[in-house]
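Just below is one structure, and these are the notes that go with it.
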Amino acid sequence: MLYSKLLLPTLKEAPQEAEIISHKLMLRAGMIRKVASGIYTWLPLGLRVLKKIENIVREEMDSSGAQEIFMPMVHPKELWEETKRWEKMGPELLRIKDRHERDFCLGPTHEEVITDIIRNNVKSYKELPLNLYQIQTKFRDEVRPRYGIMRGREFLMKDSYSFNIDEDSLQESYLTMRETYKKVLNRIGLKYKISAADSGAIGGDSSEEFHVLADNGEDTIAISDSSEFAINTDLLLKKDENINSLEGKPSPDGNGVIKIKKGIEVGHIFKLGKLYAESMKANVLNSDGKASTLFMGCYGIGISRLVAASIEQNFDEKGIIWPHNIAPFDINIISIGHHKDKKIASAATELYEQLTKMNYSVLLDDRKDGYGTKIKDSELIGIPLNIIIGKNYIENKEVELLARNGQSSKNAINDIKTILDFFKNQ
RNA sequence: CGGGAUGUAGCGCAGCCUGGUAGCGCACUACACUGGGGGUGUAGUGGUCGUCGGUUCAAAUCCGGCCAUCCCGACCA
């Protein structure tokens, strides 16, 4: 991609509407623009990151054996009445009417729709277990949207639903999803904790949250300093206690002492049991030929929120630092004097084509600006590797490699292997 | 929904107290120079001052309603 052709409106200063770092940087880096409170357009750079995360999630879901489907975002009132949620849910459920005055809502989650599909199309325990997922825009009319994409009203989420004949099978599906989420977060390259959680409005038997650790996190979790144990402090606090009183106490799992950490909830997995299946009469015939209520699990991971969470965990005073696997571009070629010196322009273009052919995603900064402007933008948008072509090329066919983490070296321009080794070792 | 605040050019801000018809920095356009850390000069573009109403000879400025946005709380991937 040529920088000069890319819609990438970077800002030197953050708009005053932004408070936290990820929101400021996403605006400054030209990733998103606000349309209304909690509702955003994703610009090309932001969308690239969003798609990278989406694809990682999709690949891991597919390899876990789940199947992708796509459900509507507009749901008829009748389905939501079956589970009593039409009444139970407050104004966060955005209700609308069609031209015939029929009631609908924008789907904040999809238990009703998926359960309806399953009860109508699955008849025997032999067809189970099933795990179906979708990647879709959800709408929740939050009381107070905030922090940009982090708590928007419209957001991109992967939600999946498992259907099982019994509790043991549900447990298996649940653990498979738990492993899948670990793989997703490991691939993205984020530090996280899995903590026991309150199952909240969605209900059900038990649930765990996946928290990306970041100082700006909205959730507070208590972790053990010497084991994997973690728990949302909401579940640990007695009514008169404050969070600080937990610090240093013995960990509930018996290993070490409690440390308090801030986290961003990016995933939540639930064992729902028969909760929705019962009210919606979702049954299959079991091996005895008798109707048997399904056991369900549901598993959500916030794709758009992961973009913000990744920034909250990885940034510096210069801008965003993307983990390699979700960076919008792998490499930025900074061509200095691109419009003045044909030798530099053609060397930069040749390198660009060569790397692109090798399946790297490459940005070529061919703008008429000076080095300062180009490197500042590159650091703001967080490209892992800069290859700088300028006077060193003219003098002795060398380029400078400058990684986003600060490491640098000089290399012969035709020594692609060493350049790529430098990239991979970051 | 309770508490707090803000709204003037794409972004950051000044002007408002003390009314006289809008300004600064950045960005943007043209040209020239510059070209390895947001460079320099010259000349420009861009605003019904959130909105509606009131007061006044005159309103960005004073008064009132509304709207939007943000922050803190109660709720959530």
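Below, each value reflects all heavy atoms present in this structure, side chains not excepted, and no hydrogens, waters or symmetry copies.
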Please give the distance between the [atom1] atoms of [N] and [M] as a whole number of Å.
N     : M     : atom1 : result
B/A59 : B/C49 : C1'   : 11 Å
B/C63 : B/G73 : C1'   : 32 Å
B/G19 : B/G65 : P     : 23 Å
B/A68 : B/U56 : P     : 31 Å
B/G20 : B/A60 : P     : 9 Å
B/A27 : B/G38 : P     : 12 Å
B/C28 : B/C52 : C1'   : 33 Å
B/A43 : B/G35 : C1'   : 23 Å

>> Below 30° counts as parallel, above 60° as perpendicular, anything between as tilted: where do the rings of A/Tyr360 and A/Phe423 land?
In response: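 The arrangement is perpendicular - the two ring planes meet at more than 60°.
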> Does any donor atom in the side chain of A/Ser279 or A/Glu82 lie under 3.5 Å from an acceptor atom in the other side chain?
Replying inline: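 Distance-only check fails for A/Ser279 and A/Glu82.
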>> Is it the case that the side chains of A/Ser409 and A/Gln407 hold a donor-acceptor pair, with the cut-off being a distance below 3.5 Å and no angle test?
In response: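 There is no such pair between these side chains.
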> With nearest nucleotides of RNA chain B determined for A/Lys410 and A/Ala36 from heavy-atom distances, which residue corresponds to the more 5′ nucleotide?
Replying inline: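 Of the two residues, A/Lys410 wins.
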> Given that A/Gly370 and A/Glu218 both sit by RNA chain B, which one's nearest nucleotide is further toward the 5' end?
Replying inline: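 Nearest-nucleotide comparison on RNA chain B picks A/Gly370.
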Which nucleotide sits closest to the side chain of [X]: [options]?
X        : options             : value
A/Glu13  : B/G12, B/U69, B/G38 : B/G12
A/Met157 : B/A77, B/C11, B/G38 : B/A77
A/Lys12  : B/G35, B/A74, B/A27 : B/A27
A/Lys34  : B/G38, B/U69, B/A74 : B/U69
A/Arg28  : B/G38, B/U69, B/A77 : B/G38
A/Arg146 : B/A77, B/C75, B/G38 : B/C75

For [N], does OP1 or OP2 lie under 4.0 Å from any side-chain N or O of [X]?
X        : N     : result
A/Ser37  : B/C70 : yes
A/Arg144 : B/C72 : yes
A/Lys340 : B/U34 : yes

May I ask you to say what [X] touches in the nucleic acid, namely base, sugar-phosphate or nothing, with a heavy-atom cut-off under 4.0 Å?
X        : answer
A/Lys138 : nothing
A/Asp159 : nothing
A/Tyr147 : sugar-phosphate

>> Is it the case that B/G7 (base atoms only) and A/Gln16 (side chain only) share a donor and an acceptor within less than 3.5 Å, ignoring hydrogens and angles?
In response: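 No pair found.
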> For the pair made of NZ in A/Lys376 and C1' in B/G35, what is the distance, rounded to whole Å?
Replying inline: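 Checked: the NZ to C1' distance equals 17 Å.
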> What's the CZ-P distance between A/Phe139 and B/A77, to the nearest Å?
Replying inline: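 So the two atoms are 16 Å apart, to the nearest Å.
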>> Check for me: is A/Phe155 stacked on B/A77 by the 5.5 Å centroid and 30° plane-angle rule?
In response: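 Yes, the aromatic ring of A/Phe155 stacks with the base.
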> Is there a Watson-Crick or G-U wobble partner for B/C26 with both distances under 3.5 Å, and if so, which one is it?
Replying inline: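 B/C26 is paired with B/G10.
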> For the side chain of A/Lys410 and the backbone of A/Glu398, is there at least one donor-acceptor N/O pair under 3.5 Å apart?
Replying inline: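 No: the side chain of A/Lys410 does not pair with the backbone of A/Glu398.
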>> Checking the side chain of A/Tyr181 only, and the main-chain atoms of A/Tyr299 only, is there a donor and an acceptor separated by less than 3.5 Å?
In response: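 Looks like yes, one N/O pair under 3.5 Å.
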>> Can you tell me which residue among A/Val49, A/Leu45, A/Leu50 is in a side-chain contact (heavy atoms from CB on, under 4.5 Å) with A/Leu47?
In response: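 Option passing the side-chain contact (heavy atoms from CB on, under 4.5 Å) with A/Leu47: A/Leu50.
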